[in-house]
Amino acid sequence: MNIVIIGTGYVGLPSGVGFAKLGHNVVCVDIDENKINSLKEGKLLIYENNLEQAFLEVLNKNLIFSTSYSFINEADIVILAVGTPQSNDSEKADLKYIFTATNEICKNLKDKNKYFILAIKSTVPVGTGDKIEQIIHEVNFNIDVASLPEFLREGYALEDFYNPDRVVIGSNSYKASKILKKLYSHIDNDKILITSRKSAELIKYASNSFLAMKIHFINEIADFCEKSGANISDVALGIGLDSRIGSKFLNAGPGYGGSCFPKDTLAMLGMAKEFGIDISLVEATINGNNDRFKKIVNNIKDILKDINAPKIGILGLAFKNGTDDCRQSPAIKIVKELITNYQNINVYDPKAINNAKSILNESVNYTNSIYECAKECDLLVVLTEWDEFKDIDFSKLKGRVKVKKIYDTRNIIDLNEAKKYDFDVINIGVYRK
Ligand code: UGA
């Protein structure tokens with residue numbers, strides 16, 4: 001099939017590469033000329049696990065990049081994958097990029113009778129498909145507008161593309177559902193769910209809200225463990241073994257971040273308010289997660305209370321592992337708060353240093369390795385769950401740090417290894433006297 005993807009971010013680009021790898025002809029369109037030029041030259045501007053090799057394999061074969069919308073005239077499917085950030089003045093998603101792209105499609109349509117599917121992959125409020133359909137149908141009544149929510153996780157985007165838990169196709173047209181189902185013929189039939197467009201739009205928000213709630217829940221249980229003497233690893237394992245609960249997304253930590261959960265939970269709340277519905281669980285999740293970083297900072301202050309002018313080493317700045325993305329990263333929030341209290345902060349992240357620099361500027365010392373970061377520190381704080389941190393070489397670390405203390409907010413450090421070298425590891429959700 002001929003596929004045009006509008007938007008080449010963390011969603012559009014991996015999807016474009018994925019569809020091209022499956023043999024479709026893909027054109028990725030973006031208004032950002034620099035980005036498109038760089039992609040044309042084979043340079044990715046984001047880090048995403050395993051993406052680069054797959055991208056280079058299809059680049060200029062059946063995957064091309066352009067700033068021109070004219071390619072929609074040959075498309076079977078046009079996928080909207082532009083950002084829907086949070087509005088500046090409300091909880092709602094800002095749909096300006098969605099409507100700009102829709103208007104560009106209308107402007108560039110040559111044949112007013114042409115059929116294609118306009119599939120909305122961007123996360124949009126319930127009812128947005130109706131609005132887009134109205135605009136599109138003013139110029140072409142044949143086009144089918146569908147909702148095709150994406151469930152890719154950053155850092156695992158290609159993995160999720162090839163092996164998703166489910167594909168949701170929200171369409172009120174039988175023809176469009178059939179074609180979109182064919183697009184996903186690499187996925188087992190029983191994983192493909194066809195719903196109305198509005199249901200598909202809501203499935204996306206409800207999924208992200210539920211997952212955010214699950215994380216907030218386990219973080220609250222971790223707090224409970226810290227006070228009561230229970231251990232969060234055992235508790236998470238014990239509840240996760242109940243198949244009705246499930247073991248995934250029960251890792252306690254510094255709170256959820258990224259470009260999706262924070263904005264989507266807020267947008268969910270905004271939508272609910274508009275419909276006059278009380279979704280207090282989502283509201284409590286948002287508020288609890290907003291405060292989570294303060295709790296971590298207070299713990300750090302408490303650990304360091306007896307040390308004069310301590311030096312802190314921060315391991316991890318990305319909002320999670322496998323990505324360079326620092327948007328709404330709990331690690332960044334924590335560092336920003338620490339800067340107001342401490343003068344000497346080293347930071348290290350395997351992939352996110354450049355993005356972090358654009359936020360933290362010169363307020364911290366950037367380092368190139370765990371061991372450089374740890375040099376002469378009084379406390380090391382693990383904030384992102386990178387594999388590299390799980391595999392810390394304690395024999396190498398030993399001679400570097402001043403005080404052998406690690407605050408592991410992701411509970412990933414090998415406690416036996418740490419103990420061998422006399423490191424004191426403070427975990428999340430573990431009682432300390
Ligand atoms: C999330 C969803 O998982 C995807 O299904 C969805 O497609 C995507 O949002 C989106 O809406 O585009 P993503 O933001 O990439 O994906 O990241 P997650 O892997 O879900 O992690 C989100 C945050 O929760 C991270 O800060 C992570 O560290 C945190 N988290 C996750 C925990 O603190 N504990 C966990 O057990 C799991």
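As a basis for the values below, the full set of heavy atoms in this structure was taken, side chains included, without hydrogen atoms, waters or symmetry mates. Indexing begins at 1, ligand by ligand and atom by atom, following the structure's order. Keep in mind the model is a prediction, meaning the values are calculated, not measured.
- For residues 243-253, every residue pair satisfying the side-chain hydrogen bond (donor to acceptor under 3.5 Å, both in side chains) rule, not counting sequence neighbours, is listed here: Asp242-Arg244.
- Using a 4.0 Å cut-off between charged nitrogen and carboxylate oxygen, Asp378 and Lys311 do not count as a salt-bridge pair.
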Mind listing the N or O contacts between ligand 1 and protein, cut-off under 3.5 Å?
| from | atom 1 | to | atom 2 | distance (Å) |
| --- | --- | --- | --- | --- |
| ligand 1 | 5 (O) | Phe151 | O | 2.9 |
| ligand 1 | 7 (O) | Glu150 | O | 3.3 |
| ligand 1 | 7 (O) | Glu150 | OE1 | 3.4 |
| ligand 1 | 7 (O) | Phe151 | O | 3.4 |
| ligand 1 | 7 (O) | Leu152 | N | 3.1 |
| ligand 1 | 7 (O) | Leu152 | O | 2.8 |
| ligand 1 | 11 (O) | Lys204 | NZ | 2.7 |
| ligand 1 | 11 (O) | Asn208 | ND2 | 2.8 |
| ligand 1 | 12 (O) | Glu150 | OE2 | 2.6 |
| ligand 1 | 15 (O) | Glu154 | N | 2.7 |
| ligand 1 | 15 (O) | Lys320 | NZ | 3.0 |
| ligand 1 | 17 (O) | Lys320 | NZ | 3.0 |
| ligand 1 | 19 (O) | Lys320 | NZ | 2.8 |
| ligand 1 | 26 (O) | Gly257 | N | 2.9 |
| ligand 1 | 26 (O) | Phe319 | O | 3.1 |
| ligand 1 | 28 (O) | Arg410 | NH1 | 2.8 |
| ligand 1 | 28 (O) | Arg410 | NH2 | 3.3 |
| ligand 1 | 34 (N) | Asn251 | O | 2.8 |
| ligand 1 | 36 (O) | Leu250 | N | 3.4 |
| ligand 1 | 36 (O) | Asn251 | N | 2.9 |

Sequence neighbours excluded and cut-off under 3.5 Å, please list the side-chain donor-acceptor pairs for residues 16-35, or say none.
| from | atom 1 | to | atom 2 | distance (Å) |
| --- | --- | --- | --- | --- |
| Lys21 | NZ | Glu57 | OE1 | 2.3 |
| His24 | ND1 | Met1 | N | 3.1 |
| Asn25 | ND2 | Asn2 | OD1 | 3.1 |
| Asp30 | OD1 | Asp32 | N | 2.9 |
| Asp30 | OD2 | Thr8 | N | 2.9 |
| Asp30 | OD2 | Thr8 | OG1 | 2.7 |
| Asp32 | OD1 | Asn34 | N | 3.1 |
| Asp32 | OD1 | Lys35 | N | 3.2 |

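- Of the possible donor and acceptor atoms, one in the side chain of Ser90 sits under 3.5 Å from a partner among the backbone N and O of Lys92.
- Lys198 meets the side chain to side chain contact (heavy atoms under 4.5 Å, CB included) test with Val126, Asp130, Ser196, Glu201; sequence neighbours excluded.
- With contacts defined as side-chain heavy-atom distances shorter than 4.5 Å, the pair Pro149/Thr123 does not qualify.
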